[in-house]
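We number each residue from 1, following the sequence as shown. Numbering of ligands and ligand atoms starts at 1, following listing order.
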Amino acid sequence: MRVEEGGRTGKTKSPGSPARTEPLPLEFPGAHWLDEEEVQAAARVLRARSPFRYYGPDMQDEVRSFEEEFARFVGARYALAVSSGTGALFTALSALEVGPGQEVIIPAYLWVSIASAVVCHGAIPVLADIDDTFCLDPADVERRITPRTRGIIMAHMSGAPGDVKAIQAIARRHGLFLLEDCAQCVGGSVDGQSVGTFGDVGIFSFQLNKNITAGEGGCLVTSDERLQERAVAWHDLGYCRDRAGRLLLEANGPHLWGRGYRMDELRAAVLRVQLRKLPLVTAAMRASKYRIRQALEALPGVGFRRILDPAGDTGAFLITVYPDAGRARAVQQALRAEGLVARPEGINNIVMADWGLHLYYNNLSLVEHAPLEPSGFPWSAPQNRGLARRYGKGACPRADDLFERSLLLAIPSCLRRKDEDEIIQAFERALARA
Ligand SMILES: Cc1ncc(COP(=O)(O)O)c(C=O)c1O
């Protein structure tokens, strides 16, 4: 069934009954595509009795192969697989030598791990506002730069890239590092260039909510040899290793501290299969999202997140924007009445103000300046004197406003045309009624 003029779908439910009668499929994009191939890949590792990446009785080299394949996929010189996206953030900041006396710019729309990684390195996070891309606003980033700024963490949120070329230009102009957090945008790109390759380092997550998954997992990419060497040491035991997995303790290699964030062979085997499926996963979400969005564009009273390059949008989320908070809430309630609800295990069709730790002001550890130890470090450290900011609501007014009047709809990677038709019909009715 094709979308007809004006966004009307060919077949619709009768006026009395809701557009949907069963919950939306769960959002977990990569998980819908897990099948016998991943089972066989994991079994191969177990049969070889070699689930550790650096040595074992019958090495399958799954982690190293995944790193080579992922680096090729994004177009970076190096990839380092780690145990989580949070682990990748910590490893990246350690490799970049972030520490006390430094400020790191972070976005108002984020995940708690970003602030955590900065604070746990003894540095001070500085919030910058978002714009209608729902990612960093380049103009606000420029305003927040001080002589203490060391770098910028840009997160490509909710499946689509932000204005990374503008942020890259700012970072270069001011001599700052740029770390791209691509946890929510695995497979995304801008003008054909993969996210994660515009800055010094890119990080990715393979946790269950992400575009490919092994339950947990992460990766760091860079084309800088020194950063890669430092990251390899930090993610493991503080030293590099030779191909046989032996630690290199020579004087000319890195002597650092290790965090123990290694990826294991089981998850790498699964991720290698998932990576081959990634273009199919994102193509499915993108097709569903843009079919729905095209239909909604014909309706009055609804706006959309600005997407810089639809071809590089992974399609995982549709964000609709309304004139005010009351109207957003009314449309969300009306959509619920039309059956746009998630199963209990998932989250879908929410006002973004209800999006928990993705909103800076819900991070109470940040708002309350939670210390790492009783001395009050890092907030109290002499090098950080006078650098701590206010992180409560009001620090980023544009984000506060957008969160209140925007709805987030996850686009599951397994939607059928019938599901898309019902979502479109639910919006048509909700917008007419709200
Ligand atoms: C933007 C962002 N950064 C980092 C992470 C952390 O990834 P992980 O859950 O794999 O630690 C997430 C996870 O949701 C995220 O959304």
Side-chain angles (χ1 to χ4, degrees), residues 26-31 66 70 79-94 104-121 125 127-128 130 133-136 151-162 164 167 178-188 195-196 198-199 201-221 231 234-235 259-264 267-268 270-271 274-275 305 313-314 316-317 319 345-347 350 352 355-360 362-363 365-366 399 403 408 410:
L26 290 167
E27 63 271 28
F28 316 130
F66 174 71
F70 198 74
L80 174 68
V82 295
S83 51
S84 69
T86 305
L89 278 168
F90 274 69
T91 304
L93 291 190
S94 297
V104 177
I105 293 177
I106 64 171
Y109 183 36
L110 78 176
W111 181 240
V112 60
S113 312
I114 296 177
S116 173
V118 174
V119 172
C120 288
H121 277 80
L127 287 165
I130 57 172
T133 64
F134 285 76
C135 298
L136 277 178
I152 302 167
I153 302 180
M154 167 167 212
H156 300 290
M157 295 298 285
S158 302
V164 68
I167 301 294
L178 173 58
L179 191 174
E180 285 176 82
D181 180 336
C182 315
Q184 298 194 9
C185 198
V186 184
V195 291
F198 290 88
V201 189
I203 72 98
F204 297 80
S205 166
F206 311 125
Q207 183 265 346
L208 185 66
N209 287 314
K210 308 308 189 296
N211 292 346
I212 57 174
T213 190
E216 292 273 13
C219 199
L220 183 151
V221 300
W234 271 111
H235 102 291
R259 293 188 177 277
Y261 292 153
R262 289 180 300 266
M263 164 69 73
D264 60 278
R267 281 185 284 174
V270 170
L271 286 169
Q274 285 265 294
L275 182 59
R305 168 193 192 174
D313 178 356
T314 73
F317 290 91
I319 296 179
E345 308 91 317
I347 293 178
I350 58 163
M352 289 186 74
W355 200 206
L357 290 175
H358 290 96
L359 317 187
Y360 70 96
N362 286 338
N363 288 286
S365 325
L366 183 64
F403 295 153
L408 187 74

Residues forming a side-chain contact (heavy atoms from CB on, under 4.5 Å) with V119, sequence neighbours excluded: P125, L372, P378, W379
Aromatic ring proximity F403/F134, centre distance under 6.0 Å: no
Parallel, tilted or perpendicular: rings of H358 and W111 (30°, 60°): tilted
Parallel, tilted or perpendicular: rings of F90 and Y261 (30°, 60°): perpendicular
Donor + acceptor pair across side chains of Q184, H156 (<3.5 Å): no
Considering only N or O atoms, set out every pair between ligand 1 and the protein closer than 3.5 Å, with distances to one decimal place.
unit_1	atom_1	unit_2	atom_2	d
ligand 1	3 (N)	D181	OD1	3.3
ligand 1	3 (N)	D181	OD2	2.6
ligand 1	7 (O)	S205	OG	3.4
ligand 1	10 (O)	G85	N	2.7
ligand 1	10 (O)	S205	OG	2.7
ligand 1	11 (O)	G85	N	3.4
ligand 1	11 (O)	T86	N	2.8
ligand 1	11 (O)	T86	OG1	2.5
ligand 1	14 (O)	K210	NZ	2.7
ligand 1	16 (O)	Q184	NE2	2.8

Side-chain donor or acceptor of N363 paired with backbone N/O of L359 under 3.5 Å: yes
